[in-house]
Colleague: 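My questions all concern the structure below.
Order of the sequence lines fixes the chain letters, A, B, ..., with proteins taken first and strands second; residue numbering starts at 1 for each chain.
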Amino acid sequence: MSTGSDAISDPTFPAAQRPDAIKAIPVRHPWRWVAAVVVLAFAAAVIYTFATAPGLQWSVVGQFLFYPEILRGILVTLELTAIAMAIGVVLGVILAVMRLSANPVVSSVSWLYIWFFRGTPVLVQIFFWFNIGSILPYLHIGIPFTHLFWIGTTNKIVTPLLAAILGLGLNEAAYMSEIVRAGIISVDTGQTEAAQALGMTRVLVMRRIVLPQAMRVIIPPTGNETISMLKTSSLAYIATVGELFFIQKEISNFNYDIIELAIVASIWYLAMTSVLTFGQYYLERYFARGASRLLPPTPLQRFRRLLFRFHEPPPVGPFEPPPIYEERLH
Amino acid sequence: MATPMVLAESVYKCFGRLEVLRGINLSVAAREVLCIVGPSGSGKSTFLRCINHLEKIDGGRLSVDGELVGYRQRGDKIYELPDREVCRKRAEIGMVFQRFNLFPHMTALENIMEAPLRVRGEAQKAVEERGRALLNRVGLADKVDVYPNHLSGGQQQRVAIARALAMQPKLMLFDEPTSALDPELVGEVLDVMRGLAQDGMTMVVVTHEMGFAREVGDSLVFMDGGVIVESGSPREVLANPQHERTRSFLSKVF
């Protein structure tokens, strides 16, 4: 088999003597140092101001940082975020597929859903579900034209937590469906054709071929949405759900240390979003398999490079071919 | 006479107001290799895509192995086939695309195993064995676990051929399989196709490779403007074209 690479690895083709790597004196970057000094000075000023603010009691922050109620609030926040995102993603995928359906009724239903849930504030939606008992005191579920039915008190079924989950989840689905739709559209139509030519049904093509490839486009904004949801879940306080924001507010209502408890909540929100950011990175790497030749460096690798090669250009030079290129030659 | 593998009777197809196929008549016998040549926009790729119902025809009859493509006839009436039936029939026809269209998120072997496993529900072990054998047949036994992006164009196209063969098709369609390849990679793909033809596969090949058409093709049609201008044995048509249009096209290709 004659491939182009054979000529390169052929020993009868002596490569020219490889010259020595260039040893040049690197360009100096004085402005990088100036910028670093300015930034550090500014950061120091900000930290100093807050550290020495006369009314700020850091001891209170420390006291409440691991307060059991706060920790319980964090659990509820995580629970709320996870369930609402799960609803958002699953319903979002369904809505996106519906939106792209050839059936005009199905596609319109999806459009209407997105129009409504994206068009009203999520706070209002949570409030709506929380108070639905005031207009529908009882819920009936029954089979029409029979006497088989089930009835329950709305306020017992739609608990504050469920109201928040419905409000956040249904709203998220509208946003997620647009993200998923963008992902689906981004996959080359040749992929669908090739799969169809192999006899795959539409459902199979979507599940096995299109969606896995769409994931690369879907995941970054979904990570964004998850981080956003973690913070938006604080709106559940309007439904008296005991999540982080609600708890810290309850405490500060009691002891008037408003800023201190806001700092406690912020520290925890930051910690949680940091963990999510980290997770997102590895998820992206997983779905990039097969798509790019070189996986991007992990955050740890990047951090190391930042520390030890501050003034070096990125390490891709003519004498450092990416590993996969070498693999192709064999 | 035996049932032809492909039978087209005044096949007609339009996209909006553009008439792409204007009455195509041809037949391909089992074990025959038909090459379709012609300028771009002549409708040859569209015709190929009609054969496995990736495009719907608007008029005429098109049948594969004695059964209408995409329709079923009962008495005088023609019924559209449900999705599932269309898929079942497509599974019996292999197709190779100009731009390979391998699934980039699967390795070479996974690409090949996907359809037998998911469409036919065959046993994992048997499919894997067959997949490895097919990769071996197209000369890529060492690329089993490699993702398509790490393969050259010629290697990708050979995997694509193996993927189509994994469904054990009774007919193979090739849509300009070497047009997207670097010139020096064309040979390896044509070699595989030549081997297939020798093994008796029925093939319809849209191509610009006149050498391949002459050497491997049993028959050749020249299409232009949605009609077949000229057809016959490849040697005759290529060496001694009867039509002015064919002559001017061939003079530009060689």
Colleague: Can you confirm whether B/Lys143 sits close enough to B/Val159 that some side-chain heavy atom of one is under 4.5 Å from a side-chain heavy atom of the other?
Modeller: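 No; the side chains remain at least 4.5 Å from each other.
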Colleague: So A/Trp115 and A/Trp111, would you call those rings parallel, tilted or perpendicular, with 30° and 60° as cut-offs?
Modeller: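 Plane angle under 30°, so parallel.
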Colleague: List the residues meeting side chain to side chain donor-acceptor pair (under 3.5 Å) with A/Arg207, not counting sequence neighbours, and say none if there are none.
Modeller: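 Here no residue qualifies.
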Colleague: Sort B/Arg99 into side chain, backbone, both or neither according to what part of it lies under 4.5 angstrom from a heavy atom of chain A.
Modeller: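 The side chain, not the backbone.
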Colleague: Kindly check if the number of other-residue, nucleotide or ligand heavy atoms within 6.0 Å of CZ (B/Arg120) is above 12?
Modeller: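 Counting other residues, nucleotides and ligands, CZ of B/Arg120 exceeds 12 neighbours.
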Colleague: Under a 4.5 Å cut-off applied to non-hydrogen side-chain atoms, are B/Leu196 and B/Ile161 in contact?
Modeller: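 Touching, per the 4.5 Å side-chain cut-off.
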Colleague: Output the residues of residues 82-97 of chain B for which the shortest heavy-atom distance to chain A is under 4.5 Å, in residue-number order; output 'none' if no such residue exists.
Modeller: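 Listed by number: B/Asp83, B/Arg84, B/Cys87, B/Arg90, B/Ala91, B/Ile93, B/Met95, B/Phe97.
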Colleague: Sort by residue number and list every member of residues 92-106 of chain A having a non-hydrogen atom under 4.5 Å from chain B.
Modeller: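 Answer by number: none.
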Colleague: Measure the spacing between CG of B/Leu68 and CG of B/Leu81 and express it to the nearest 0.5 Å.
Modeller: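 CG of B/Leu81 is found 8.5 Å from CG of B/Leu68.
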Colleague: Please check if the side chain of B/Gln157 supplies one atom and the backbone of B/Pro177 the other of a donor-acceptor pair under 3.5 Å.
Modeller: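 Confirmed, B/Gln157 side chain pairs with B/Pro177 backbone.
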Colleague: Salt bridge or not between B/Lys44 and B/Glu176? Use side-chain N to carboxylate O under 4.0 Å.
Modeller: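 Result for this pair is yes, salt bridge flagged.
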Colleague: Within a strict 4.5 Å, meaning less than it, do heavy atoms of the A/Glu172 and A/Ser228 side chains meet?
Modeller: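 SC-SC contact between A/Glu172 and A/Ser228 ruled out.
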Colleague: Report, in residue-number order, which members of residues 192-200 of chain A are under 4.5 Å from chain B by heavy-atom distance.
Modeller: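 Heavy-atom contacts from residues 192-200 of chain A to chain B are A/Glu193, A/Ala194, A/Ala195, A/Gln196, A/Ala197, A/Leu198, A/Gly199, A/Met200.
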Colleague: Would the distance check show the side chain of A/Arg118 and the main-chain N or O of A/Ala174 forming a donor-acceptor pair, the cut-off being under 3.5 Å?
Modeller: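 Pair absent, no side-chain N/O of A/Arg118 close to backbone of A/Ala174.
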Colleague: Quick one, B/Lys170 and B/Thr202 - any side-chain contact, counting heavy atoms below 4.5 Å?
Modeller: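 Heavy-atom side-chain distance check fails, nothing below 4.5 Å.
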Colleague: Flag the one option from B/His53, B/Met106, B/Met167, B/Arg163 with the top tally of heavy-atom pairs under 4.5 Å to chain A.
Modeller: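 Result: the option with the highest number of such pairs is B/Arg163.
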Colleague: Does a side chain donor of either B/Ser45 or B/Asp175 reach within less than 3.5 Å of an acceptor in the other side chain?
Modeller: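 Indeed, the side chains of B/Ser45 and B/Asp175 share at least one donor-acceptor pair under 3.5 Å.
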Colleague: Which answer fits B/Leu102, side chain, backbone, both or neither, if we ask what part of it has an atom under 4.5 Å from a heavy atom of chain A?
Modeller: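 Just its backbone gets close to chain A.
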Colleague: How long is the gap from CG on A/Leu112 to OG on A/Ser107, to the nearest 0.5 Å?
Modeller: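 Interatomic distance, A/Leu112 CG to A/Ser107 OG, rounded to 0.5 Å: 10.0 Å.
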Colleague: On the ring face of B/Phe103, is A/Arg208 found with NZ or CZ under 6.0 Å from the centre and within 45° of the axis?
Modeller: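 Not flagged: A/Arg208 not positioned over aromatic ring of B/Phe103.
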